[in-house]
Amino acid sequence: MESRIYTPYDPQSSHDLVASWFLGPRAENYVFFKECFESILKRQTDARRAYFPNDQDFITPEMQASLAFGNSMEKLKQKLEDLAEKLSQHSVPFWSPRYNAHMNMDTSMPANLGYITTMLFNPNNVANEASPYTTQIESDVGQQLSAMLGYRPNNDNLRIDEPKAWGHITCDGSVANLESMWAGKMLLFLNPPIH
């Protein structure tokens, strides 16, 4: 396969770049996705083994060899296979360019892999103590979105009396809409009132 150098505004280079962001309509990027997923699992395994490395294994080889454990694993595999089969047969093919009935499209590999990575580490963004890194990412994203929308980001160059942009990530669009309505309602209680 011939490799090309990426150059801005070159239609072919742009198409090649976008192609690297998705699994592909026919899972053409499966090998890359799998490689990234295996790297995520390895990093998760390494992190767990590095935390108090002298502790004994909680889940022992004897437990894993037990009938109850084996049956549970078989049931898990069967249920996952069943779920994957049903989803593959009864899901809308948003990943395909042949399907154009809804405004949805395929989710990107960076989004899927980032979601899986974060899920495995299970941070809880309700408090900085439970999620020091992802709370910082959330703050950074809020500032980036604020700047993108034309608001002044919160940085050290602002005077104390200047308005500062802020935001946070919600779990979905519905929650974001509810929170924006709540924030709008709270403006009524500012002094002087804003109308």
Side-chain angles (χ1 to χ4, degrees), residues 6-10 13-25 27-48 50-51 87 91-92 94-97 99 102-190 194:
Y6 172 73
T7 56
Y9 312 113
D10 170 35
S13 292
S14 297
H15 184 74
D16 295 347
L17 179 63
V18 171
S20 74
W21 299 341
F22 296 93
L23 185 56
E28 298 91 341
N29 286 333
Y30 167 80
V31 171
F32 303 109
F33 190 87
K34 182 180 177 189
E35 181 181 302
C36 291
F37 187 71
E38 287 173 350
S39 173
I40 292 165
L41 287 178
K42 181 174 182 338
R43 183 65 67 167
Q44 175 66 206
T45 300
D46 292 347
R48 289 175 183 236
Y51 188 71
L87 285 170
S91 289
V92 176
F94 292 123
W95 61 80
S96 174
Y99 184 83
H102 289 87
M103 61 186 169
N104 290 348
M105 65 172 297
D106 200 8
T107 52
S108 71
M109 287 199 312
N112 289 328
L113 292 166
Y115 181 70
I116 291 166
T117 304
T118 306
M119 238 185 352
L120 288 171
F121 283 94
N122 195 24
N124 188 337
N125 282 18
V126 297
N128 193 45
E129 297 81 11
S131 57
Y133 182 64
T134 53
T135 297
Q136 183 58 51
I137 291 173
E138 181 178 38
S139 176
D140 292 347
V141 168
Q143 293 303 304
Q144 290 168 356
L145 287 171
S146 296
M148 182 179 77
L149 296 173
Y151 295 99
R152 295 182 65 185
N154 186 0
N155 59 39
D156 295 335
N157 298 330
L158 293 177
R159 293 190 324 264
I160 192 101
D161 61 332
E162 290 184 291
K164 297 169 180 64
W166 66 274
H168 74 100
I169 301 168
T170 64
C171 60
D172 64 14
S174 297
V175 171
N177 287 332
L178 288 170
E179 288 190 14
S180 67
M181 288 187 289
W182 177 83
K185 177 184 154 209
M186 300 302 6
L187 289 175
L188 296 174
F189 298 104
L190 288 176
I194 298 174

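Note that the numbering runs from 1 along the sequence shown for the chain. Everything numeric here is computed off the predicted structure, so don't read it as measured data.
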**Message:** A quick test of your reading: do over 12 heavy atoms of other residues, nucleotides or ligands sit less than 6.0 Å from CZ of F33?
**Reply:** yes

**Prompt:** Closest approach of S96 and P25, non-hydrogen atoms and distance?
**Reply:** CA-CB, 4.4 Å

**Asked** Any side-chain heavy atom of Y115 sitting closer than 4.5 Å to one from N112?
**Response** no

**Prompt:** Looking at CG of L120 and CZ of R48, how far apart are the two atoms once the value is rounded to the nearest 0.5 Å?
**Reply:** 7.0 Å

**Item:** Pairwise distance CG(N122) to CD(Q44) - rounded to 0.5 angstrom
**Value:** 9.5 Å

Compile the donor-acceptor pairs under 3.5 Å between side chains in residues 36-43 and protein atoms, sequence neighbours left out, one pair per line.
| unit_1 | atom_1 | unit_2 | atom_2 | d |
| --- | --- | --- | --- | --- |
| K42 | NZ | D46 | OD1 | 3.4 |
| K42 | NZ | D46 | OD2 | 2.8 |

**Message:** Does D140 form a side chain to side chain donor-acceptor pair (under 3.5 Å) with Q136? I'd like the steps, not just the answer.
**Reply:** CA-CA 6 Å; D140 292 347; Q136 183 58 51; 2.7 Å; yes

**Prompt:** Taking only residues two or more places apart in sequence or in another chain, which ones pass ring-ring contact (aromatic ring centres under 6.0 Å, His included) with Y30?
**Reply:** none

**Prompt:** Taking only residues two or more places apart in sequence, or in another chain, which ones meet N128 in a side chain to side chain contact (heavy atoms under 4.5 Å, CB included)?
**Reply:** P132, T135

**Request:** Would you indicate whether the side-chain heavy atoms of K185 and M181 approach each other to under 4.5 Å?
**Result:** no

**Item:** Point-to-point distance, once rounded to the nearest 0.5 Å, from OH of Y99 to CG of N104
**Value:** 8.5 Å

**Message:** Determine whether a donor-acceptor pair (N or O, by modelled atom type, separation under 3.5 Å) exists between the side chain of N29 and the backbone of F22.
**Reply:** yes

**Message:** Taking atom CZ as the centre, does F32 end up with more than 12 heavy-atom neighbours from other residues, nucleotides or ligands that are less than 6.0 angstrom away?
**Reply:** no

